[in-house]
Amino acid sequence: MSPKPAERIDQLRRQLDDANYRYHVLDDPAIADAEYDRLLRELDELEAAHPELVTPDSPTQRVGAVPSGAFAEVRHAIPMLSLGNAFSDAEVADFERRIEEKLDRRQPAFSAEPKLDGLAISLRYENGRFVQGATRGDGASGEDVTANLRTIKAVPLQLRGDDWPKVLEVRGEVYMPLAAFKRYNERALKEGGKVLANPRNGAAGSLRQLDPRITAQRPLAFYAYAVGLVEGGKLPDTHSATLKKLREWGFPVSAESDVVVGTEGLLGYYRRLGAKRDQLPFDIDGVVYKLDDYAGQREMGFVSRAPRWAIAHKFPAQEQSTVVEAIDINIGRTGAATPLARLKPVQVSGVVVSNATLHNADQIARLDVRIGDTVIVRRAGDVIPEIVRVVPEYRAPDAPVWTMPTQCPVCGSEIVREEGEAVWRCSGELTCAAQRKEAIGHFASRRAMDIDGLGDRYIEDLSDLGYVTSVADLYKLTLEDLLLMKRRADERDGTTPAIAAKTGKVATKWAENLVDAIERSRRTTLERFLYALGIQHVGESTAKSLAIWFGDLEVIRHLPWPLFKRVPDVGGEVARAIGHFLDQSGNQQVIDDLLAGGVVITDTHPPSSRLRDGLDLATLLVDLEIPKITRIRADQLATAFPTATALLDAPEHGYISAGLPADTAHALTAWLGDDANTRLLKAGGEALARLDAITPAASAVALGPLDGQTVVLTGTLSSLSRDDARERLEALGAKVAGSVSKKTGFVVAGEAAGSKLDKAQELGIEIWDEAKLLAFLKSHGQGG
DNA sequence: GTTCCTCGAGATCC
DNA sequence: CTCGAGGAAC
């Protein structure tokens with residue numbers, strides 16, 4: 001007998017609240033996400049069936065809400081900086097050289113110390129007494145964790161001696177010593193308490209306890225490594241002397257810190273510590289070098305939020321060994337068959353890794369990975385798991401060499417490889433269910449038609465049960481179709497349909513939402529529409545260019561392929577791919593069906609006046625890639641013949657009279673001997689005339705302040721989304737690119753910026769922080 | 001040769 | 001969100 005709904009609702013709410021609290025506040029998730037979702041769904045359905053039992057504080061009433069206000073915010077008087085990273089000796093040498101050059105000083109002295117893997121905090125002392133402690137947060141402000149910091153015995157509550165400044169901020173790292181971490185977990189295991197995932201999370205989670213009594217039981221330690229605000233007192237002239245002073249005042253300072261000289265000194269320290277790494281009582285992920293004297297530091301200054309006088313030299317990414325349990329093939333939207341290694345789950349630098357891409361067959365061959373092999377994995381750039389190499393000693397003697405399957409695991413079509421290409425492709429195209437599903441998923445994705453709620457699961461069912469075979473079918477779906485589909489899917493899976501509300505009928509809300517989302521997606525832009533079609537080589541950027549340059553779907557869809565080359569960054573390959581797509585009657589039919597299904601492109605406009613450049617017969621002839629027809633020959637022909645038709649009607653000696661050498665004229669005749677080419681030239685000529693009629697005359701274009709600049713965004717911006725930032729920058733004439741090169745004008749670095757920021761620093765490219773970006777946008781009318 | 005875009009991938013966060 | 005491979009454009 002199941003419990004009464006009111007009791008069950010109560011129980012669920014308590015479970016969910018508990019899970020939420022442990023997740024958000026304790027940094028110690030108790031249940032898996034899927035379990036959480038399941039409980040929430042159950043509660044949601046129960047509440048739907050009993051609306052009178054819904055209360056404002058039910059977890060369903062604040063889904064995704066983050067508990068806030070647990071800790072007060074503290075603004076750091078002096079921001080807590082982040083550090084640039086070096087991963088190689090060469091980068092360290094560059095760092096040292098930049099300092100030598102700028103300060104015009106040989107072999108400067110550095111203070112070197114281990115970089116602990118813990119949590120950066122700031123401690124404030126007034127008149128020698130500990131008054132406030134805060135986490136680093138975003139560097140500008142953090143959380144007030146004073147009460148918790150007080151419980152750490154390594155944090156002095158009262159400074160020793162009497163020569164300390166009236167106001168002193170000390171920065172350092174809270175961490176959990178390895179031995180204490182191990183002891184704590186052993187005890188927790190025995191007593192059935194919660195086990196900490198790793199020392200770093202242990203330290204972070206402990207500091208964010210709302211109840212300081214819990215923090216007190218955690219074995220936390222602390223090292224001081226820097227000083228922030230100083231008032232009413234004076235510090236020594238060097239960092240190393242300051243560390244000594246801090247020690248006198250009662251702060252623990254790493255015993256490993258040292259003063260070294262020049263690049264040799266830095267690298268020597270790195271190797272000494274690297275050799276000791278395993279014996280240290282705490283985790284470190286690298287070492288930090290700081291120019292020792294403060295005068296030099298001041299002179300070096302800052303780039304963005306990182307000082308130019310300090311750098312973190314990271315140890316190589318952590319590697320782990322595991323076993324390849326299987327090598328699966330994934331079929332992508334374009335049919336690309338990507339091998340994927342299924343790994344025995346293993347912890348690598350803090351996360352559990354169970355899959356690793358092998359990119360392509362060549363990669364597997366290079367590594368010679370075989371099923372059952374023991375392999376070394378690491379996280380590339382500390383993010384993407386990758387297989388570094390195989391451990392040959394552990395290979396079974398009879399393990400066969402892996403080869404790419406010859407047939408698609410989904411549709412059975414042949415898997416083939418284009419001459420000279422690296423990727424293998426399933427040749428099934430849209431007869432392959434995997435490719436169809438991926439195509440639909442791409443069409444519905446946020447950056448394409450943005451059909452919210454059409455996730456993998458529904459696509460799977462809609463496709464498998466035959467409701468949707470082309471993307472146009474989405475716009476024929478009715479509420480009844482969806483409900484029927486769900487019923488059939490439930491029958492197939494043997495699942496019970498969810499029961500809804502008062503009517504006692506099957507739940508329908510999801511279907512209503514999906515129908516609404518499909519309806520909303522009908523109004524779209526040309527750029528999104530073109531991208532959504534999933535034409536090979538046409539990603540967001542190319543779709544946008546096409547939309548800007550041609551402005552009109554009806555123009556585009558009947559354009560012969562050479563004309564697409566008029567768009568910058570579109571060359572023969574891409575143009576042909578677009579032409580090939582449009583040549584297929586099935587694709588034209590899909591476009592017709594989409595329009596008939598109510599899709600409306602809202603931003604149709606005449607072609608860009610810039611298109612006028614090169615909108616002539618000579619350029620068309622060049623773009624057609626006719627053998628032997630160079631720019632010069634094309635110009636001669638265009639001078640002699642006013643139109644494509646005239647050219648077509650002329651005999652071969654007509655081309656010779658136009659100035660062409662005999663063999664070139666002959667090549668042209670031969671080329672025109674192919675009917676398809678004749679049609680292409682004819683269609684090209686007609687398209688020229690059409691475009692000529694609708695393209696406005698070129699006009700002077702107002703230049704934006706960032707015209708011609710390439711900008712790269714990285715990290716998370718807090719006050720506006722990436723898309724937003726991109727649009728505004730583009731409105732000012734900038735080109736927003738995805739990767740940093742020496743042509744990049746400047747890089748906008750938000751929080752948690754990754755390798756792009758490193759690359760920018762390496763290349764010495766200007767770096768803007770969010771504040772600078774906002775100020776710039778504002779001063780150019782793109783604020784707010 | 002350089003630079004950029006496309007495409008596919010995995011993990012984390014919610 | 002980020003990374004890496006590959007390939008297209010210039």
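Just so it is clear: chains get the letters A, B, ... in the order the sequence lines come, proteins before strands, and each one is counted from 1.
Between V410(A) and I329(A) there is no side-chain heavy-atom pair separated by less than 4.5 Å.
Closest to the E573(A) side chain, of the nucleotides dA9(C), dC5(B), dA11(B), is dA9(C). For D569(A), whose side chain is taken as the heavy atoms from C-beta onward, the closest listed nucleotide among dC5(B), dC10(C), dG7(C) is dC10(C). The side chain of K742(A) sits closest to dT2(B) out of dA5(C), dT2(B), dC7(B).
Looking at heavy-atom distances under 4.0 Å, N360(A) makes contact with sugar-phosphate atoms alone, never a base. Within the nucleic acid shown, I535(A) comes within 4.0 Å of sugar-phosphate atoms alone, with no base atom in reach, counting heavy atoms only.
OP1 and OP2 of dT3(B) both lie 4.0 Å or more from every side-chain N or O belonging to T710(A). Using a 4.0 Å cut-off, no side-chain N or O of T338(A) falls inside it from OP1 or OP2 of dG8(B). Not one side-chain nitrogen or oxygen of N355(A) sits closer than 4.0 Å to the OP1 or OP2 atom of dA9(B). Applying the 4.0 Å criterion to OP1 and OP2 of dG4(C), one finds that T357(A) has every side-chain N and O outside that range. For dC10(C), neither phosphate oxygen OP1 nor OP2 lies less than 4.0 angstrom from any side-chain nitrogen or oxygen of K565(A). In this model, the phosphate group of dA9(B) is approached by a side-chain N or O of N330(A) to a distance below 4.0 Å at OP1 or OP2.
As a whole-Å value, the separation of F564(A) CZ from dA8(C) C1' is 17 Å. Atom CG of L713(A) is separated from atom P of dC5(B) by 12 Å (rounded to the nearest Å).
Listed by first then second residue, pairs satisfying salt bridge (charged side-chain N to carboxylate O under 4.0 Å, His left out) with a partner in residues 535-549 of chain A read R447(A)-E540(A), E540(A)-R726(A), K544(A)-E730(A), not counting sequence neighbours.
Cation-pi contact between R576(A) and W561(A): present, with separation from the ring centre below 6.0 Å and deviation from the ring axis of at most 45°.
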